[in-house]
Peer 1: 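Dumping the structure here so I can ask a few things about it.
The residues of the chain are indexed from 1 along the displayed sequence. Computed over heavy atoms, backbone and side chain alike; hydrogens, waters and symmetry mates excluded. Remember, it's 1-based here, ligands and their atoms both numbered in the order they're listed. The structure presented is a predicted model; accordingly, all values stated were derived computationally and were not measured.
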Amino acid sequence: MSLSVKHLLGIRDLERQDIELVFQTADQFKEVLQRPIKKVPTLRDTTIVNLFFENSTRTRISFELAEKRLSADVVNFSASGSSVSKGETLIDTVNNILSMKVDMVVMRHSASGAPHFLSQHINVPIVNAGDGINEHPTQALLDAFSIREKLGSIQGKKVAICGDIMHSRVALSNIYCLKKLGAEVTVVGPPTLIPKHMEAALGVNVTYNIREALAWADVANVLRIQLERQNTPLFSSLREYSLAYGVNRRLLDSLQKDIVIMHPGPINRGVELSSDVADSGQSIILNQVENGVAVRMAVLYLLAGHQQLAN
Ligand code: CP
């Protein structure tokens with residue numbers, strides 16, 4: 001068994017079997033990460049460059065840790081402080097780095113499609129670490145892996161994705177991933193933050209009522225409002241948004257059932273999610289972050305041409 005793709009550009013390109021293979025491999029790396037020595041020699045002699053053209057905390061650290069736990073050599077690149085500011089193109093930047101014998105590229109870019117474009121010009125595997133408003137495939141894999149860990153399976157589970165659906169690469173990758181694994185998905189948010197025709201295009205339910213969505217759900221994945229991607233205001237104020245769509249203790253208590261709370265980070269506390277919920281026993285937010293390392297180890301390992309680890 002090996003992945004059906006050479007690059008991980010998006011969940012849209014994956015088969016269900018690819019996702020299950022990533023999960024089975026991540027299960028084994030998660031066990032490695034519980035050991036006193038959390039390192040395996042698997043990618044010794046492999047050099048990976050992390051190209052971050054956009055800010056990141058979790059994804060960047062998680063990839064770097066995953067690479068180091070696999071014994072890869074790691075090079076980190078940030079657009080700020082690089083020759084990108086002198087006008088160098090994406091292809092020139094990457095070809096210069098690859099000429100130094102780099103074997104794999106992890107890339108985050110603010111332009112949707114940037115890693116797809118790059119994949120047509122270079123020969124080494126590329127992992128998309130988030131491209132504009134398109135996809136964030138490893139986030140969706142770690143989110144689904146975390147739901148599977150918490151609830152036992154994904155098949156038949158009801159997941160509400162809440163908030164700024166329009167600008168969220170996490171939402172799109174989660175929808176593809178959860179639907180391929182047999183979950184039911186509802187998106188909820190203000191009408192101005194949900195693209196038209198989502199039901200028909202992606203097979204999800206749409207509602208504008210947060211209480212209705214949470215009352216239906218087993219899991220709520222709450223998203224940040226991405227003000228940096230809005231050219232014109234799409235709601236009147238953060239306070240109004242929080243009152244209408246914020247997930248807080250009072251709202252959850254009114255459901256009279258326990259649902260699992262997720263958030264990809266970074267959280268705007270008090271806007272889309274209250275602190276008492278984010279830090280409660282219902283939240284698996286830090287489990288998501290922990291699982292990100294094992295899931296990214298699995299992705300890198302499989303893309304490097306390895307098959308599933310032997311038990
Ligand atoms: N979840 C996520 O992508 O977070 P960062 O932007 O901090 O990487």
Side-chain angles (χ1 to χ4, degrees), residues 8-12 22 26 48-69 74 76-80 105-115 126-147 149-150 159-178 187 189 193 219-230 247 260-269 271-273 277-279 283-300:
L8 180 59
L9 301 178
I11 302 291
R12 183 172 42 194
V22 170
I48 304 177
V49 61
N50 299 315
L51 296 174
F52 277 72
F53 293 87
E54 194 186 63
N55 294 343
S56 170
T57 297
R58 278 146 293 271
T59 310
R60 183 179 182 138
I61 291 174
S62 183
F63 267 112
E64 187 171 345
L65 264 178
E67 292 152 3
K68 288 180 170 169
R69 302 291 193 220
V74 180
N76 289 310
F77 166 93
S78 295
S80 61
V105 171
V106 173
M107 186 170 84
R108 168 167 289 192
H109 204 287
S110 58
S112 301
I126 301 172
V127 185
N128 179 3
D131 64 318
I133 61 168
N134 181 40
E135 284 222 40
H136 191 348
T138 56
Q139 180 70 47
L141 290 168
L142 73 89
D143 288 347
F145 183 86
S146 301
I147 295 172
E149 182 178 73
K150 180 73 179 176
V159 181
I161 303 178
C162 313
D164 186 354
I165 310 299
M166 175 90 80
H167 302 100
S168 176
R169 55 197 178 206
V170 175
L172 189 58
S173 285
N174 261 265
I175 290 167
Y176 286 132
C177 190
L178 292 166
V187 295
L193 292 180
V219 178
N221 198 347
V222 185
L223 305 177
R224 179 176 68 88
I225 294 288
Q226 303 203 22
L227 290 174
E228 74 275 21
R229 298 192 205 279
Q230 294 183 20
V247 176
V260 177
I261 300 295
M262 304 175 70
H263 194 301
I267 304 172
N268 285 151
R269 287 174 181 260
V271 180
E272 72 272 7
L273 191 62
V277 173
D279 302 331
S283 161
I284 60 165
I285 293 169
L286 292 180
N287 304 79
Q288 292 172 256
V289 178
E290 179 186 344
N291 287 333
V293 178
V295 166
R296 291 182 171 114
M297 286 172 80
V299 166
L300 295 166

Peer 1: So which protein heavy atom does atom 1 (N) of ligand 1 come closest to, and at what separation?
Peer 2: P264 O, 2.8 Å

Peer 1: Would you mind finding which of T59, T57, D143, N55 brings a heavy atom closest to atom 7 (O) of ligand 1?
Peer 2: T57

Peer 1: For atom 6 (O) of ligand 1, what's the nearest protein heavy-atom neighbour? Residue, atom name and distance, please.
Peer 2: R108 NH1, 2.9 Å

Peer 1: Under 3.5 Å between some N or O of ligand 1 and some N or O of R58?
Peer 2: yes

Peer 1: Say whether G130 and ligand 1 are in contact under the criterion: heavy-atom distance to a ligand atom below 4.0 Å.
Peer 2: no

Peer 1: What I want to find out is whether E64 reaches K68 closely enough, with some N-O distance under 4.0 Å, to be called a salt bridge.
Peer 2: yes

Peer 1: Whether the N128 and E135 side chains hold a donor-acceptor pair (N or O, under 3.5 Å, no angle test) is what I'd like checked.
Peer 2: no

Peer 1: Just do the side-chain contact (heavy atoms from CB on, under 4.5 Å) check on H263 and E272 with the steps written out, would you?
Peer 2: CA-CA 10 Å; H263 194 301; E272 72 272 7; 2.8 Å; yes

Peer 1: Just wondering, do V247 and L273 contact through their side chains at under 4.5 Å, heavy atoms?
Peer 2: yes

Peer 1: If you count the atoms of ligand 1 from 1 in the order shown, which ones are under 4.0 Å from a heavy atom of G265?
Peer 2: 1 (N), 2 (C), 4 (O)

Peer 1: Would you mind running through ligand 1 and noting each atom that sits below 4.0 Å from a heavy atom of H136?
Peer 2: 2 (C), 3 (O)

Peer 1: With a cut-off of 6.0 Å (strictly less than), are more than 12 heavy atoms of other residues, nucleotides or ligands near CG of N55?
Peer 2: no

Peer 1: For Q139, take its heavy atoms, then give the atoms of ligand 1 lying under 4.0 Å from any of them.
Peer 2: 1 (N), 2 (C)

Peer 1: Could you tell me whether R108 sits above the aromatic face of F52, with NZ or CZ closer than 6.0 angstrom to the six-membered ring centre and within 45 degrees of the axis?
Peer 2: no

Peer 1: Determine whether any heavy atom of E54 lies closer than 4.0 Å to an atom of ligand 1.
Peer 2: no

Peer 1: Looking at CD1 of I225 and NE2 of H167, how far apart are the two atoms once the value is rounded to the nearest 0.5 Å?
Peer 2: 9.5 Å

